[in-house]
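Both ligands and their constituent atoms are indexed starting at 1 by order of listing.
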Amino acid sequence: MEPHPREEGTMEVQGVPTRTIWLEDDGWSVGIIDQLALPGELRTATLRTPIEVAEAIETMRVRGAPLIGAAAAYGMALAARSDPSDGALEAVARRLLATRPTAVNLRWAVDRMWAALRPADPAERAARAYALARGISDDDVAMNRAIGEHGVKLIRELAARNPDRPVRILTHCNAGWLATVDWGTATAPIYLARREGIPLHVWVAETRPRLQGALTAWELAGEGVAHALVADSAAGHLLQRGLVDLLLTGTDRTTAAGDVANKVGTYLKALAARDSGVPFYVAAPSPSIDWEVDDGREGGKDRGLERIPIEERSPDELTFVEGRDPSGARRRVRIHPSGSPAENPAFDVTPARLVTGIINERGIASASPEGLRGLFPERSRSAGKEVGAPGP
Ligand code: MRU
């Protein structure tokens with residue numbers, strides 16, 4: 001398809017600024033980039049019902065924590081347009097919340113929408129819902145841009161320390177613009193560094209089994225960032241050989257104590273980074289912070305880790321691979337014995353002690369209760385009633 005101009009997009013696809021989600025020209029249906037077709041084909045799709053939105057999230061046509069939140073917000077808007085009654089909106093909220101359990105942005109967005117819609121007269125709910133969904137999308141873009149501004153300082157420092165070679169960054173999964181509305185979280189500092197002309201080399205972990213590394217590689221190629229795909233299990237080797245200056249990922253849920261849930265495999269990279277003395281920074285916009293999990297006062301070494309729901313996905317994602325043959329046709333082939341059981345946890349939790357810092361739209365903080373509350377003083381217990389807490 002020809003890329004379609006999305007007026008506020010920043011990341012370019014074939015020279016056209018593009019967002020991952022938008023309101024279609026009819027003013028009510030929702031356009032997305034269908035990520036199941038990437039990287040082989042850039043295809044868009046139009047979602048017309050909240051159920052289509054839920055299915056798009058479940059099947060990962062839209063994916064990545066911030067984009068899941070933005071899509072869910074538009075799902076609530078579609079619901080408010082077709083039936084703005086309390087019962088109908090509550091049913092849609094439940095359906096959306098059941099799609100994927102780990103990214104807290106989903107709950108954040110649905111709670112925020114429902115909190116705004118509930119007090120409104122049903123006749124006004126659709127207009128309010130579309131405005132708020134659009135606001136959630138725009139805020140995501142602004143937060144990621146701010147994360148980029150803070151994070152690029154780290155890259156500048158590394159470049160100054162090593163003027164004779166590129167800054168070498170290892171990333172995992174896709175925390176790029178495809179995982180958000182625009183810019184990406186972990187990629188925002190990279191894209192800004194690239195625009196400043198800082199020489200970079202990004203190691204892109206393949207990210208079995210869903211291979212989100214392919215999406216990251218596609219993005220980096222589009223932005224002209226030097227990169228190389230590596231097998232997930234090559235990361236330890238690269239870190240140990242001194243070939244990585246910075247491990248930089250996104251997050252699906254970071255607790256108030258700084259523990260980081262992200263794509264499965266992040267924890268192993270964090271362990272290897274610590275053993276090799278390489279800093280590990282996590283780009284976490286505020287909707288990715290779960291203030292309800294773990295207040296850091298329980299005193300255990302890795303408090304609260306088990307309270308983050310970890311999505312278990314189909315074993316078929318492990319036992320089959322899908323790709324394109326030389327003619328461009330999609331093929332799905334089995335790669336493991338049909339009788340062997342498989343399990344597929346999709347996320348893991350890296351304890352805060354292995355995380356060097358959190359890059360948030362408000363600045364960079366240590367991965368600790370004190371660090372995060374320093375960025376969000378309104379969240380301190382001593383601040384009395386917490387403000388900014390979304391939802392009913
Ligand atoms: O299963 P996915 O593809 O939705 O998982 C995405 C990730 O784990 C990303 O790293 C995370 O959402 C951070 S996104 C900016």
Any chance the side chains of T216 and N174 put a donor and an acceptor closer than 3.5 Å? yes

Side-chain H-bond candidate by donor/acceptor type, H172 with K269, under 3.5 Å: yes

Tell me if the centroids of the rings in F376 and W291 come within less than 6.0 Å of each other. yes

From the list R63, Q212, R61, side-chain hydrogen bond (donor to acceptor under 3.5 Å, both in side chains) partner of Q35 resolves to R63

Single hit among E90, E58, E52 for salt bridge (charged side-chain N to carboxylate O under 4.0 Å, His left out) with R95: E58

Could you pull out every protein residue that has a heavy atom closer than 4.0 Å to ligand 1, ordered by chain and then number? M60, R63, G64, A65, P66, R100, C173, N174, A175, A179, T180, T185, Q212, G250, T251, D252, N262, K263, F347

Check salt bridge (Lys or Arg N to Asp or Glu O under 4.0 Å) between R330 and all other residues, then give those that pass, not counting sequence neighbours. E322

